Amino acid sequence: MAADHGVAPWSEAVVGVAAFAPITSLLRAEGSWSRKAAGKVDRAELAAWNLPPKASATFERWCAPQASSGCIRFVRFAGVAQRPVRLAARAWDPGGIYSLMVRSDNVPALFDAAIKAGWWAESEPVRFTFGASDLRNVVLTGPHGINIAVYQRVSPPFTAFPVGRISHAFNSMRMVSNKGRARDFYLNNLGFELVFDSDREPPEPARSNFGIPLNYTPRIPRAAAALQPVPGETGRVEVMEMQGFTGTSQSAHASPPNLGVLLLRFPVRDLAAYRRAVEAKGTAIAYAATGVRITGLGTVDLFAVRDPDGNLTEFYHAH
């Protein structure tokens with residue numbers, strides 16, 4: 001359904017920040033990301049997010065080299081109360097987008113640089129196999145709990161897009177209370193395609209980048225599924241349930257103007273038809289707007305939905 005209406009890989013994530021430099025400096029220094037646009041957020045965009053008239057915001061839009069998708073729009077809000085989306089949360093707490101996922105040609109070197117720059121992590125880089133892939137992975141934590149999950153495919157070589165030290169964001173992780181329900185929302189309500197659906201765990205204790213104690217890792221299944229609107233190695237959404245741990249929902253705060261990963265934006269060729277298809281599946285529209293000027297994307301019509309754990313996804317068509 002999504003592909004029928006021209007839903008493309010997500011062009012950008014919107015991330016609420018208190019200051020730009022603590023995050024953008026790592027992307028620039030280690031990944032050669034560059035700032036593509038900056039300025040004031042248009043009042044129509046703030047109104048679409050249901051923010052009061054006194055609210056204002058500035059933004060910086062950053063992209064990886066040679067990337068046309070997987071960019072990040074950092075937004076700094078003013079004149080309105082805010083808090084971290086996932087304040088003092090653990091990985092198994094559902095609600096709020098847990099991380100943006102990038103690739104790297106050298107996870108250990110990036111980890112060392114991030115730690116020196118003031119970032120943190122639940123563990124040092126871990127190495128594991130997934131299917132036929134030999135992977136290194138670490139989840140870097142920046143200000144206000146903003147996570148960037150970094151993957152290095154040791155073998156076989158990854159050639160689908162340029163990687164470098166920090167690639168564009170190709171996926172995003174949502175911790176959910178029920179994997180099946182979350183998966184089915186993206187699969188059936190939004191018409192995405194399934195990339196994988198997995199419940200397997202290593203039979204022996206293994207270090208976890210989610211803060212799970214070593215002796216519990218074989219006993220706590222991390223049930224996950226990844227989906228995307230069209231086939232490819234980018235524009236994905238992933239959901240994960242840590243079965244056996246009971247978390248506290250963070251969904252009440254998963255909205256602008258809070259601090260953290262707020263939403264993903266998917267461009268759509270036929271927005272009106274796609275909205276009708278989504279609503280026909282019983283999906284509620286969280287908000288919608290027309291003629292919104294978003295610097296770097298153009299003047300757009302948009303609508304947004306929330307998944308079963310309260311996470312926002314925007315779909316837009318640029319005039």
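This chain uses plain numbering: 1 for the first residue, then up along the sequence. As the structure is a prediction and not an experimental result, all values here were calculated from the model.
With a 4.5 Å cut-off on side-chain heavy atoms, Ser69 and His168 count as touching. With contacts defined as side-chain heavy-atom distances shorter than 4.5 Å, the pair Val75/Pro256 does not qualify. In this structure, the side chains of Asp199 and Pro221 stay at 4.5 Å or more apart for every pair of heavy atoms. Counting only heavy atoms from C-beta outward, the side chains of Phe59 and Val15 never approach each other to under 4.5 Å. Asn106 has its side chain out of reach of Phe111: every pair of non-hydrogen atoms, C-beta onward, lies at least 4.5 Å apart. Between Phe77 and Val41 there is no side-chain heavy-atom pair separated by less than 4.5 Å. Counting heavy atoms from C-beta on, the side chains of Val261 and Ser172 never come closer than 4.5 Å. In this structure the side chain of Leu26 never reaches within 4.5 angstrom of the side chain of Trp33, judged on heavy atoms.
Remark: Glu60 CD to Thr24 OG1 distance equals 5.5 Å, nearest 0.5 Å. Taking CH2 of Trp62 as the reference point, atom CZ of Phe20 lies at 10.5 Å (rounded to 0.5 Å). Summarising the geometry, atom NZ belonging to Lys179 is positioned 8.0 Å from atom CD belonging to Glu241; distances are rounded to the nearest 0.5 Å. Here the straight-line distance linking atom CG of Asn137 with atom CZ of Arg207 works out to 11.0 Å at 0.5 Å rounding. From Leu87, atom CG reaches atom CG of Leu259 across 9.5 Å, with rounding to the nearest 0.5 Å. Going from atom SG of Cys71 over to atom CZ of Arg61 covers 4.0 Å, rounded to the nearest 0.5 Å.
Leu194 and Leu187 get closest at one heavy-atom pair: N-CD1, 4.1 Å. Scanning all heavy atoms of the two residues, the minimum distance from Gly235 to Pro229 falls at O-CD, 3.4 Å. Glu122 and Gly211 get closest at one heavy-atom pair: OE1-CA, 3.7 Å. Residues Ala132 and Pro156 come closest through the heavy atom pair O-CD, 3.6 Å. Closest approach of Val107 and Ser104 over heavy atoms only: N-OG, 3.9 Å. Across every non-hydrogen atom of Tyr274 and Met1, the tightest pair is CE1-CE, 4.2 Å.
For the pair Trp120 (side chain) and Leu140 (backbone), a donor-acceptor distance under 3.5 Å is absent. The closest donor-acceptor contact from the side chain of Ser249 to the backbone of Gly95 lies at 3.5 Å or more, if one exists at all. Of the possible donor and acceptor atoms, one in the side chain of Arg86 sits under 3.5 Å from a partner among the backbone N and O of Asp93. For the pair Asn311 (side chain) and Gly96 (backbone), a donor-acceptor distance under 3.5 Å is present. Counting only distance, with no hydrogens or angles, the side chain of Thr217 and the backbone of Ala206 share a donor-acceptor pair below 3.5 Å. Ser99 places no side-chain N or O within 3.5 Å of a backbone atom of Asn147 that could act as its donor or acceptor partner. Looking at Asp112, its side chain never comes within 3.5 Å of a backbone N or O of Ala109 through a donor-acceptor pair.
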task: Tell me, with the steps shown, if Tyr316 and Val292 meet side chain to side chain contact (heavy atoms under 4.5 Å, CB included).
output: CA-CA 10 Å; Tyr316 71 92; Val292 179; over 6 Å; no
Would you sort out whether Trp49 and Leu312 count as a side chain to side chain contact (heavy atoms under 4.5 Å, CB included), showing the intermediate values? CA-CA 11 Å; Trp49 289 333; Leu312 281 171; 5.8 Å; no
- For Asn209 and Val138, what are the C-alpha separation, side-chain angles and deciding distance, and is it a side chain to side chain contact (heavy atoms under 4.5 Å, CB included)? CA-CA 6 Å; Asn209 52 23; Val138 70; 5.7 Å; no
- request: Could you give me the CA-CA distance, side-chain angles and deciding distance for Val154 and Arg136, then say whether side chain to side chain contact (heavy atoms under 4.5 Å, CB included) is met?
  value: CA-CA 7 Å; Val154 180; Arg136 287 194 181 103; 3.8 Å; yes
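Between Phe315 and Phe192, the ring planes lie perpendicular to each other; the angle is over 60°, past the 30° to 60° tilted range.
Under the 4.5 angstrom side-chain criterion for Ile, Leu, Val, Met, Phe, Trp and Tyr, the cluster partners of Phe210 are Trp92, Tyr98, Met101, Val126, Phe128, Phe130, Leu135, Val139, Tyr151, Phe158, Phe161, Val163, Phe170, Met173, Met175, Val195, Phe196, Ile212, Tyr216, Ile220, Met240, Met242, Phe245.
Applying the salt bridge (charged side-chain N to carboxylate O under 4.0 Å, His left out) test to pairs two or more places apart or on separate chains, none has a residue in residues 148-164. Residue pairs meeting the salt bridge (charged side-chain N to carboxylate O under 4.0 Å, His left out) criterion with at least one partner in residues 289-306, sequence neighbours excluded, are Asp42-Arg293. Each salt bridge (charged side-chain N to carboxylate O under 4.0 Å, His left out) pair with one or both residues in residues 262-271, not counting sequence neighbours, appears once here: Glu12-Arg265, Glu45-Arg265, Arg265-Glu314. Counting only residues at least two apart or on different chains, the salt bridge (charged side-chain N to carboxylate O under 4.0 Å, His left out) pairs with a member in residues 156-175 are Asp105-Arg165, Arg174-Asp307.
Cluster membership for Ile148 and Leu262, using ILVMFWY side-chain heavy atoms within less than 4.5 angstrom, is not shared. Grouping the Ile, Leu, Val, Met, Phe, Trp and Tyr side chains by contacts below 4.5 angstrom, directly or via other members, places Val300 apart from Val7. A continuous path of ILVMFWY side-chain contacts below 4.5 Å connects Ile146 to Val150, so both sit in one hydrophobic cluster. Following chains of ILVMFWY side-chain contacts shorter than 4.5 Å, one cannot reach Leu302 starting from Val237, and the two form parts of different hydrophobic clusters. Two different hydrophobic clusters hold Val17 and Val80 under the rule that ILVMFWY side chains link at heavy-atom gaps under 4.5 Å.
Atom CZ of Arg76 has 12 or fewer neighbouring heavy atoms from other residues, nucleotides or ligands inside a 6.0 Å radius. The environment of CD in Glu124 is sparse: at most 12 heavy-atom neighbours from other residues, nucleotides or ligands sit within 6.0 Å.
Under the side chain to side chain donor-acceptor pair (under 3.5 Å) criterion, His317 pairs with no residue, sequence neighbours left out.
With respect to the salt-bridge test (charged N to carboxylate O, under 4.0 angstrom), the residues Glu30 and Lys116 do not qualify.
If you check the side chains of Asp309 and Ser177, you find a donor sitting under 3.5 Å from an acceptor. Side chain to side chain, Thr129 and Asp134 fail the donor-acceptor criterion of an N or O pair below 3.5 Å.
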